[in-house]
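Remarks on the structure that follows.
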There are 2 protein chains.
Amino acid sequence: MASDVTPPRLPRRGVTISDVARHAGVAPSTVSYALSGKRTVSEPVRRRIERTIEELGYRPHAGARALASRRSQILALMMPLRTGVYVPILMEFAAAIVTEARSHDHDVLLLTGESGSAGLQRVAAGAMADAVVLMDVEEDDTRVPTLRELGRPAVLLGLPDDRQGLVCCDLDWEAAGRLAVASLAELGHRRIGLIGQPTAVHERHTGFARRFTDGLHDEGARRGVHTAQRPGEATFGELRAALDALAAELDGLTALVVHNEAIVPLVLEELSSRGVEVPGQLSVVCVAPQTMAAASRLTGVSIPVEDIGRRAVQLVMQQLDAADVAPVTLLPPRLVDRGSTAPPGR
Amino acid sequence: MASDVTPPRLPRRGVTISDVARHAGVAPSTVSYALSGKRTVSEPVRRRIERTIEELGYRPHAGARALASRRSQILALMMPLRTGVYVPILMEFAAAIVTEARSHDHDVLLLTGESGSAGLQRVAAGAMADAVVLMDVEEDDTRVPTLRELGRPAVLLGLPDDRQGLVCCDLDWEAAGRLAVASLAELGHRRIGLIGQPTAVHERHTGFARRFTDGLHDEGARRGVHTAQRPGEATFGELRAALDALAAELDGLTALVVHNEAIVPLVLEELSSRGVEVPGQLSVVCVAPQTMAAASRLTGVSIPVEDIGRRAVQLVMQQLDAADVAPVTLLPPRLVDRGSTAPPGR
DNA sequence: CTGAAAGCGCTTACAG
DNA sequence: CTGAAAGCGCTTACAG
C-alpha cells in the first residue's frame, strides 16, 4: 500500500471575495457588483478587479452565493429510468437540457431512480435546486402533487391529466399521429398499420403514446382510412408476428408507421429480408429523433428532442425571472421526406 | 394569456434551524447535533427535536450547510457524449453512480458536453462539488492535468497514460481479452475473429478498447491461436464486410468474439440469415453488460457496469473520508456461459 | 448533556 | 460611483 494515493487534499482554503477586494483595493461589495453587473462599476476599477480575479484564480463559493442570493443556480432533472424507454433519447434530452441550462448559468443535478417525490422534496425544499424539470411524465404521475406543494418553478416533459398550476412542454403527439396518417392518406393509402411503443410504455399510461395513437386513428377515421396497431417489442420474432398480424387485420396494407426508435433498424432489416420494396410495395414513415442514424433512410415525423429540451429549460428560467408562462407548450411535428413513401400500388 | 400560470412563487422563506430550535425549546446547535449525530443528544431532547422537524417540515438549507461545513454533498459526474459510445451503458453507469452516491448522502451534478477542463474548474474550484467522477477517460485525456491541479478527490473510469497521483477504476480489460480467447482456446479453437469497437473509439485512443485487443491478441499468441480483428460499425453492410474479411484472413474461422454492444443483435441476425449455426458451426462470445437483453443468448465476458460505478463512488467517498486509496482498481471480468460456445468442427 | 457565539463567503439594501 | 454593515442559515470549536 506504499503506492496509495495520499488523500485528504483538504478543500485548501480558497481565495475569497475579500482577498480579491483587498488586492484590488476596493470593497468586497464592489467585487460582487463587478461580477454580477447589478451596479455600474467604473471601467478602471472593473479592469483592476478582473485582473486580480485572474491572478488569484478566484472562484465564488457556490454555497455562499446560494445562501446570500437565495439562488443555487442549480436545476434538478428528474429522469426516471423506466422499462421500455429508448435510452439514447433520454440522453439526448439530458444533453440539451444541460447545454441550455449552462447558457443560463445553471448546472444540472441528476435525479434518477424511483425516489420520485422524496427526491423532489429533498432537492427543492432544501434549496439545493432553484427549479426542476421532470422527464417521462405519466398521465397519473405521483410526483405531480408533491411538485404542486413545493411551489417551485418546474416544467414537466409530458402532459399529466391533472396539470392545474403546472407548466408542461412536449411534442404535439396528437398532431404527430395525424401528420403521419395525413401524409400517407394524401398519397392515396387506405390501409395503414402502426408498430407502436412497447406494451410496457402503454401500460404505464405514458401520455405521449396514447396521444400519438389517438391522433393517428382519429385522423384515419376522419379520412376514411383503415388503421390498426400493434405494440413494438425489441425482438425479431415479435416484430415478425406484429407485421403479420397487421397484414392480416388490414388486408391490403400499403403503408406502415413505426413509432418505436429501438425497432426501426429491425423493421428495415425484416422488410428487406422479406424482399419488400420500400416505397415500391410498402410506404414507411417512422417517428424518431432527427439525429437517429437508422431513421436517416426513412421519411419521418421527426421528434425535435433538442428543441423540446431547450424550450423546457427556457420555460423554467422564465418562471425564475417571474415571467408569466403558458401552462402548455406543444411543439409542432415536422414531416421530413426521405423518400420512403410513395403512392400505393405497383 | 389569462390562463397563464402565475409564476414567481418566491422561495417562500423556509423554516430554519432556529425555528426548529425555538419550537423545541433548545439551541440551534443542539438541533444541528441531533441531525448530524456528531454529539450525543439525550433521548427526550432528540425526540422533541425530531417531532418538531416533522411538524414544521424543516429541511436544512443546502447552501448554508455547504458554507458552514465545507461540504456540498455533491458529486460531479463528467460524462462526455462522444461518438461511438454505446449510450445505454453510459446511462447504466450514471444510474449506478447516482444510487451509490445517494447511499452516501450525496447528489450528483451532471456535466456533459465538451466543457472538459472548464467544467471541472467551475464546479470543483467553486466548491459546488466535493469530488468528481470522470467517465470515458482517454489515454491522453485533457482533463487530467486540470484534475491534478484542482487537488480534489476524484476517480477516473478508465486509465489515462499519466495517472500519477490519480485514482482510477475500471474493468480489467486486458484480462477480459485474455479470458475471451482462453475460454475459446480451451475448447480447441485455433482461429478466432474479433468484431471490436467502432473506428471512432479506437481513433480517440480510449484505453479500454486497446487494452482489450492487446489482451486478446497476446493471449492468442501465447497459446498459438490465430486472431484477427475488424472494427464494428452499426450497419448491416459494414458488419457483413467485416465478417467476410475475418473469414478470409483466418481461413477456417471457428469462433467469433464481439466486443461491441450496439452490434450484438445485428451479428445474431446476420449469422442466422446466413444459416450459420451457433455454436454448431461458429462459437460466439460477446462482451457486454450483464443487463443487456440482446446479449442474453450469448456466452459472454460480462461488464459489471453497476459494480464499477458503485466502486468508483466508494473510492471517491473514501478519499473524502481521508482514507488511503489504491491508485488503480481493476475489476476482474467474469465469463458467463450461455451455451453459444462449443468445441470446433461439425 | 447543552448553549452562546463566531464564522463560513457571499449579496444587497442603506448611506454617502 | 463606491463602501461599511447586516444577514443569508447553517456548523463547530469553546464553555460550562
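Sequence lines set the chain letters: A, B, ... in the order given, protein chains first and strands last, and positions in each chain run from 1.
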- Query: Going from CZ on Arg59(A) to CZ on Arg65(A), what distance comes out if it is rounded to the nearest 0.5 angstrom?
  - Reply: 11.0 Å
- Side-chain N or O of Lys38(A) closer than 4.0 Å to phosphate OP1/OP2 of dT11(C): no
- What pairs meet the salt bridge (charged side-chain N to carboxylate O under 4.0 Å, His left out) rule with one or both residues in residues 38-53 of chain A, with sequence neighbours excluded? Glu43(A)-Arg47(A), Arg46(A)-Glu50(A)
- Query: Can you tell me if Glu100(A) uses its side chain to pair, donor with acceptor, with the backbone of Arg311(A) under 3.5 Å?
  - Reply: no
- Task: Output yes when a side-chain donor or acceptor of Asp107(B) lies under 3.5 Å from a complementary backbone atom of Ile74(B), and no otherwise.
- Result: no
- Euclidean distance, atom CZ of residue Arg65(A) to atom C1' of dG7(D) [Å, nearest integer]: 17 Å
- Strand contacts (DNA chain C) in residues 53-61 of chain A, 4.0 angstrom heavy-atom criterion: Tyr58(A), Arg59(A), Pro60(A), His61(A)
- Could you state the atom-to-atom distance from CD1 of Ile49(A) to C1' of dC1(D) in whole Å? 12 Å
- Message: Just the rounded figure in Å: distance from P of dC10(D) to CG of Leu67(B).
- Response: 12 Å
- Query: Please give, in whole Å, the distance from dT2(D) P to Leu35(A) CG?
  - Reply: 15 Å
- Message: Looking at Arg148(A) and Gln164(A), would you say the former's side chain and the latter's main chain have a donor-acceptor pair under 3.5 Å?
- Response: yes
- Query: Rounded to the Å, how far apart are Arg70(B) CZ and dA13(D) C1'?
  - Reply: 14 Å
- Query: Got a donor-acceptor contact below 3.5 angstrom from the His104(A) side chain to the His106(A) backbone?
  - Reply: no
- Message: Can you give me the dot-bracket string for DNA chain C, 5' to 3', counting Watson-Crick and G-U wobble pairs with both distances under 3.5 Å, using [ ] for crossing pairs and | for partners on another strand?
- Response: |||.||||||||.|||
- Residues of residues 39-46 of chain A with any non-hydrogen atom less than 4.0 angstrom from an atom of DNA chain C: list those, numerically ordered, please. Arg39(A)
- Query: So, does Gln73(A) use its side chain to make a donor-acceptor pair with the main chain of Asp105(A) at under 3.5 Å?
  - Reply: yes
- Query: Under 3.5 Å, side chain of Asp19(B) to main-chain N/O of Thr16(B), donor-acceptor pair present?
  - Reply: yes
- Message: If I take atom CG from residue Leu134(A) and atom CZ from residue Arg143(A), how far apart are they, to the nearest 0.5 angstrom?
- Response: 4.5 Å
- Message: I need the CG-C1' distance between Asp19(A) and dC8(C), as an integer number of Å.
- Response: 13 Å
- Task: Output yes when a side-chain donor or acceptor of Arg152(A) lies under 3.5 Å from a complementary backbone atom of Ala129(A), and no otherwise.
- Result: yes
- Note on the structure: When rounded to whole Å, the CD1 to P distance for the pair Ile17(B) and dT12(D) reads 11 Å
- If only atom types and distance count, is the side chain of Ser72(B) paired as donor or acceptor with the main-chain N or O of Met128(B) below 3.5 Å? yes
- State whether the side chain of Asp141(A) and the backbone N or O of Glu138(A) hold a donor-acceptor pair below 3.5 Å, judged by distance alone. yes
- Would you please name every residue forming a side-chain hydrogen bond (donor to acceptor under 3.5 Å, both in side chains) with Arg204(A), sequence neighbours left out? Thr206(A)
- Of all of residues 24-34 of chain B, which get a heavy atom below 4.0 angstrom from DNA chain C, listed by number? Gly25(B), Val26(B), Ala27(B), Ser29(B), Thr30(B)
- Task: Please answer whether the main-chain N or O of Ala95(A) pairs with a side-chain N or O of Thr99(A) as donor and acceptor at a distance below 3.5 Å.
- Result: yes
- Round to a whole Å and report the spacing from CD of Gln73(B) to C1' of dC8(C). 15 Å
